[in-house]
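Take a look at the structure set out below.
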Amino acid sequence: MVNLVKFIASSGISSRRQAEKFIRDGRVSVNGSAELNPARRIAADDRVMLDDTIVVPETGYRYILLHKPRGYVCSSADRHADKLALDLLKQIPQRLVSAGRLDKDSEGAIIFSNDGAFINRLTHPRYGILKTYQVTTDSPLAPANLLRMHSGIMDDGELLKVQSAREIGRQCYEVILNEGKKREIRRLTAACGATTIRLKRVKIGDIALGTLPPGKFRDLSEHEVALLTGEKEA
């Protein structure tokens with residue numbers, strides 16, 4: 001038996017955090033009755049439904065690294081998006097969920113999977129999966145501003161900060177985040193008087209984008225999955 005949140009997440013429908021929201025919103029039923037308790041224990045013969053869809057745990061997990069090009073939206077629920085990142089993965093039969101987001105104007109590495117526990121590990125800040133970005137700005141960022149980004153900058157009532165930031169080229173910087181808030185890097189550079197003109201995620205944990213071309217994807221190896229789940233060290 002597993003709890004209801006884990007049961008839903010294991011179906012690949014959503015992350016654990018999203019599954020808990022579905023439950024709290026009254027969208028989940030067990031054996032025909034609404035269930036609002038995320039910790040409810042689910043047996044093999046229980047019938048779980050999300051809205052009108054039967055929830056069935058996945059048995060074959062996939063772990064996909066995609067090089068998302070600019071112009072693609074990560075959310076599968078955006079009806080107004082012309083291009084979805086999931087459109088690039090249509091040939092994969094499993095129902096995939098992205099581990100976090102890259103905004104429409106950003107590019108680079110993003111991981112998809114139908115393993116809810118894996119998605120939760122990649123997206124929850126407590127696991128410390130660092131994301132590395134290459135950031136190009138329209139004007140230089142002074143060393144003092146890079147230090148400000150590291151120590152933290154308040155923006156719209158929210159503290160934004162990076163794990164590290166360093167110059168790697170002319171108006172080009174390597175920025176590492178633990179917890180990525182909405183448009184965090186763009187907001188930080190704006191607070192420092194510059195505009196981000198290119199934002200590319202090049203690494204998730206120890207998994208580098210490498211030479212994977214934009215719009216293409218590959219399966220992660222067992223070793224790479226183990227690195228991300230903490231079962232092996234780099």
Handout entry: Gap separating the CZ atom of R166 from the SG atom of C172, nearest 0.5 angstrom
Key = 10.0 Å
Enumerate donor-acceptor pairs with a distance under 3.5 Å from any side-chain N or O in residues 65-73 to protein atoms, sequence neighbours excluded.
unit_1 : atom_1 : unit_2 : atom_2 : d
H67    : ND1    : L212   : O      : 2.6
K68    : NZ     : Y72    : O      : 2.8
K68    : NZ     : D103   : O      : 3.3
K68    : NZ     : S106   : O      : 2.8
R70    : NE     : E107   : OE2    : 3.1

Handout entry: For the student: nearest non-hydrogen atoms of K200 and L209, plus distance
Key = CE-CD2, 3.7 Å
Exercise for the section: State yes or no: do L102 and I185 share one hydrophobic cluster built from I, L, V, M, F, W and Y residues joined by side-chain heavy-atom distances below 4.5 Å, directly or via other members? Expected result: yes
Exercise for the section: Decide side-chain contact (heavy atoms from CB on, under 4.5 Å) for D115 and V225; before the verdict, give the C-alpha distance in whole Å, the side-chain angles of both, and the deciding distance to 0.1 Å. Expected result: CA-CA 11 Å; D115 182 344; V225 173; over 6 Å; no
Handout entry: Donor-acceptor contact below 3.5 Å, side chain Q171 vs main chain T136
Key = no
Handout entry: Point-to-point distance, once rounded to the nearest 0.5 Å, from CD1 of I111 to CD1 of I64
Key = 10.0 Å
Practice task
Mind checking side-chain hydrogen bond (donor to acceptor under 3.5 Å, both in side chains) for N37 and listing every partner two or more places apart, or none if nothing turns up?
Solution key: none
Atom pairs and distances, side-chain donor-acceptor, residues 141-153, under 3.5 Å, sequence neighbours left out:
unit_1 : atom_1 : unit_2 : atom_2 : d
N145   : OD1    : R148   : NH1    : 3.2
H150   : NE2    : Q163   : O      : 3.2
S151   : OG     : L147   : O      : 3.2
S151   : OG     : R148   : O      : 3.2

Fill in the blank from the handout: Sorted by chain and number, sequence neighbours left out, salt bridge (Lys or Arg N to Asp or Glu O under 4.0 Å) with R41 holds for none
Fill in the blank from the handout: Residue set satisfying side-chain hydrogen bond (donor to acceptor under 3.5 Å, both in side chains) with D45, at least two apart, ordered chain then number -> none
Handout entry: Any pair counted as ring pair (Phe, Tyr, Trp, His ring centres under 6.0 Å), so long as it reaches residues 96-134, sequence neighbours left out
Key = Y63-F118
Exercise for the section: Any chance you could measure K131, atom NZ, to L122, atom CG, to the nearest 0.5 Å? Expected result: 6.0 Å
Exercise for the section: Look at the side-chain heavy atoms of Ile, Leu, Val, Met, Phe, Trp and Tyr, link any pair under 4.5 Å apart, and say whether I119 and Y61 land in one connected group. Expected result: no
Completion exercise
Note: with side-chain heavy atoms under 4.5 Å as the link, the other cluster members for I176 come out as L130
Practice task
Measure from the side-chain N and O atoms of D51 to the backbone N and O of T53, and report whether any donor-acceptor pair falls under 3.5 Å.
Solution key: no
Problem - Those residues that, when tested against D138, pass side-chain hydrogen bond (donor to acceptor under 3.5 Å, both in side chains) (two or more places apart) - result: none
Practice task
Please check if the side chain of S221 supplies one atom and the backbone of E224 the other of a donor-acceptor pair under 3.5 Å.
Solution key: yes
Practice task
Check whether any side-chain heavy atom of R186 sits under 4.5 Å from a side-chain heavy atom of D105, and report yes or no.
Solution key: yes
Handout entry: Partner residues of R47 under the salt bridge (Lys or Arg N to Asp or Glu O under 4.0 Å) criterion, sequence neighbours left out
Key = none
Practice task
Please report the C-alpha distance between R62 and N114 in whole Å, then the side-chain angles of each, then the deciding distance to 0.1 Å, and finally whether the side-chain contact (heavy atoms from CB on, under 4.5 Å) criterion is met.
Solution key: CA-CA 6 Å; R62 293 287 294 274; N114 57 339; 4.1 Å; yes
Problem - Cluster check V97, L84: I/L/V/M/F/W/Y, side chain < 4.5 angstrom - result: no
Donor-acceptor pairs under 3.5 Å, side chain of residues 177-184 to any protein atom, not counting sequence neighbours: which ones?
unit_1 : atom_1 : unit_2 : atom_2 : d
K181   : NZ     : L159   : O      : 3.3
E184   : OE1    : K181   : N      : 2.9
E184   : OE2    : K161   : N      : 3.1

Problem - Check: V175 and L188 side chains under 4.5 Å, non-hydrogen atoms - result: no
Completion exercise
Hits for salt bridge (Lys or Arg N to Asp or Glu O under 4.0 Å) against D156, two or more places apart or cross-chain, chain-then-number order -> none
Exercise for the section: Could you grab the distance from atom OG1 of T123 to atom CD1 of I129, nearest 0.5 Å is fine? Expected result: 10.0 Å
Exercise for the section: Any chance you could measure L4, atom CG, to K6, atom NZ, to the nearest 0.5 Å? Expected result: 13.0 Å
Handout entry: Side-chain heavy-atom pair Y173, P140 within 4.5 angstrom cut-off
Key = yes
Problem - Results of salt bridge (Lys or Arg N to Asp or Glu O under 4.0 Å) for R40 - residues two or more places apart only - result: E35
Handout entry: Other residues, nucleotides, ligands: >12 heavy atoms within 6.0 Å of D25 CG
Key = yes
Exercise for the section: Spell out, yes or no, whether V202 and L227 are grouped together once hydrophobic residues are joined by side-chain heavy atoms under 4.5 Å, including indirect joins. Expected result: no
Handout entry: Evaluation steps, side-chain hydrogen bond (donor to acceptor under 3.5 Å, both in side chains), between T196 and T189
Key = CA-CA 7 Å; T196 296; T189 58; 2.8 Å; yes
Problem - E174 side, atom CD; I168 side, atom CD1 - distance, nearest 0.5 Å - result: 6.0 Å
Exercise for the section: State, with a plain yes or no, whether a side-chain heavy atom of V56 is found less than 4.5 Å away from one of S11. Expected result: no
Exercise for the section: Verify, without hydrogens or angle tests, whether R16 (side chain) and A9 (backbone) share a donor-acceptor contact under 3.5 angstrom. Expected result: no
